[in-house]
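The block underneath contains the structure these notes are about, expressed in structure tokens.
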2 protein chains.
Amino acid sequence: MRPFKHPAASEFVLERVLYALSDPVRLEIVRRLAALGEASCSELDGGRPKSSVSHHFRVLRDAGLVCTRSAGTTHINSLRSEEMNARFPGLLEAILSQRE
Amino acid sequence: MRPFKHPAASEFVLERVLYALSDPVRLEIVRRLAALGEASCSELDGGRPKSSVSHHFRVLRDAGLVCTRSAGTTHINSLRSEEMNARFPGLLEAILSQRE
DNA sequence: TCTGTAGTTCGATAATATTCGAACAATGGA
DNA sequence: TCCATTGTTCGAATATTATCGAACTACAGA
């Protein structure tokens, strides 16, 4: 499996980040990633079909929010908090600190 | 013309706010509203058809971002900054302070 | 009352997203 | 090598959204 393309921080687009986080499934994934540090896809699927979850992870990756690396048969995901904070200071924390 | 329905701050939904701001046209409208304080629809239309602009304002109103009041034949729009800040502290500022 | 201005609403079309099953790829272990 | 696990990709169906012209409403002024 070829490695995923992760955009550079300079390529992050604000609208794309906001859009990625405007979906309840993806926002929940990001929230749990923030709490866990890192996690595999299946740990965050919430019982959803794999293809749907894979789609959401791709949106998150394309927006620059999530980094995915392979480790054996699983994919480990983590937030790109530092890079997101470098490009959009305070944004991620402002969103994730909101109570639902 | 019947008055618009503006949701109460307690009804604001984070995902809806993020979605409303994930569109370039709407984000620009909100940015300019933040700079101007208040403005009519036509001052913010960017040369777009009226029906399109009206649609975007409705999305912004429904999300709780914008308040619209009638003044004669024009509609005056303003940000609901205080209420947004009460419901989602720091969120709007964190988004609007980002450089494009 | 007539006219012009400001915006909304409706309806249709096009574009984009979401969802999910099925097939595929990659890895690790029996 | 065979098999189970993990996740991606493909394809199609569905749903949501954006866009814009046209018709309409409300208001102010001549």
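So that the names make sense, note that chain A is the first sequence line, chain B the second, and so on, each numbered from 1.
- Following rounding to the nearest Å, B:Arg58 (CZ) and D:dT17 (C1') show an atom-to-atom distance of 11 Å.
- For B:Ile76 and D:dC27, the CD1 to P distance is 15 Å, given to the nearest whole Å.
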* **Base versus backbone protein contacts along nucleotides 18-23 of chain D [heavy-atom cut-off under 4.0 Å; B, S, -]** => SBBBB-
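- Spacing between atom CZ of B:Arg69 and atom C1' of C:dA6 amounts to 15 Å, rounded to whole angstrom units.
- For B:Arg61 and B:Phe4, the positive end sits near the middle of the six-membered ring, less than 6.0 Å away and at most 45° from its axis.
- More than 12 heavy atoms of other residues, nucleotides or ligands lie within 6.0 Å of CD in A:Glu83, so this atom counts as buried by the packing criterion.
- The nearest pair of heavy atoms linking A:Gln98 to B:Phe88 is OE1-CA, 3.0 Å.
- The nearest whole Å value for the distance from the CZ atom in B:Arg61 to the C1' atom in C:dG7 is 10 Å.
- Rounded to an integer number of Å, the gap from A:Phe57 CZ to D:dG7 C1' is 10 Å.
- Under a cut-off of 6.0 angstrom, the local environment of CZ in B:Arg31 is crowded, with over 12 non-hydrogen atoms contributed by other residues, nucleotides or ligands.
- Of the side-chain N and O atoms in B:Ser54, none sit less than 4.0 angstrom from OP1 or OP2 of C:dT9.
- At least one side-chain heavy atom of A:Asp62 sits under 4.5 Å from a side-chain heavy atom of A:Lys5.
- Following rounding to the nearest Å, B:His75 (NE2) and C:dT5 (C1') show an atom-to-atom distance of 12 Å.
- Under the 4.5 Å side-chain criterion, counting only non-hydrogen atoms from C-beta, A:His75 is not in contact with A:Phe57.
- Following rounding to the nearest Å, A:Asp45 (CG) and C:dC20 (P) show an atom-to-atom distance of 12 Å.
- The distance from atom CZ of A:Arg16 to atom C1' of C:dA17 is 13 Å, rounded to the nearest whole Å.
- Under 4.0 angstrom from either OP1 or OP2 of D:dG7 there lies at least one side-chain N or O belonging to A:Ser40.
- Under a hydrophobic clustering in which Ile, Leu, Val, Met, Phe, Trp and Tyr are joined whenever their side-chain heavy atoms come within less than 4.5 Å, directly or via other members, A:Val30 and A:Leu91 fall into the same cluster.
- In terms of phosphate contacts, B:Thr74 brings no side-chain nitrogen or oxygen within less than 4.0 Å of OP1 or OP2 of C:dA6.
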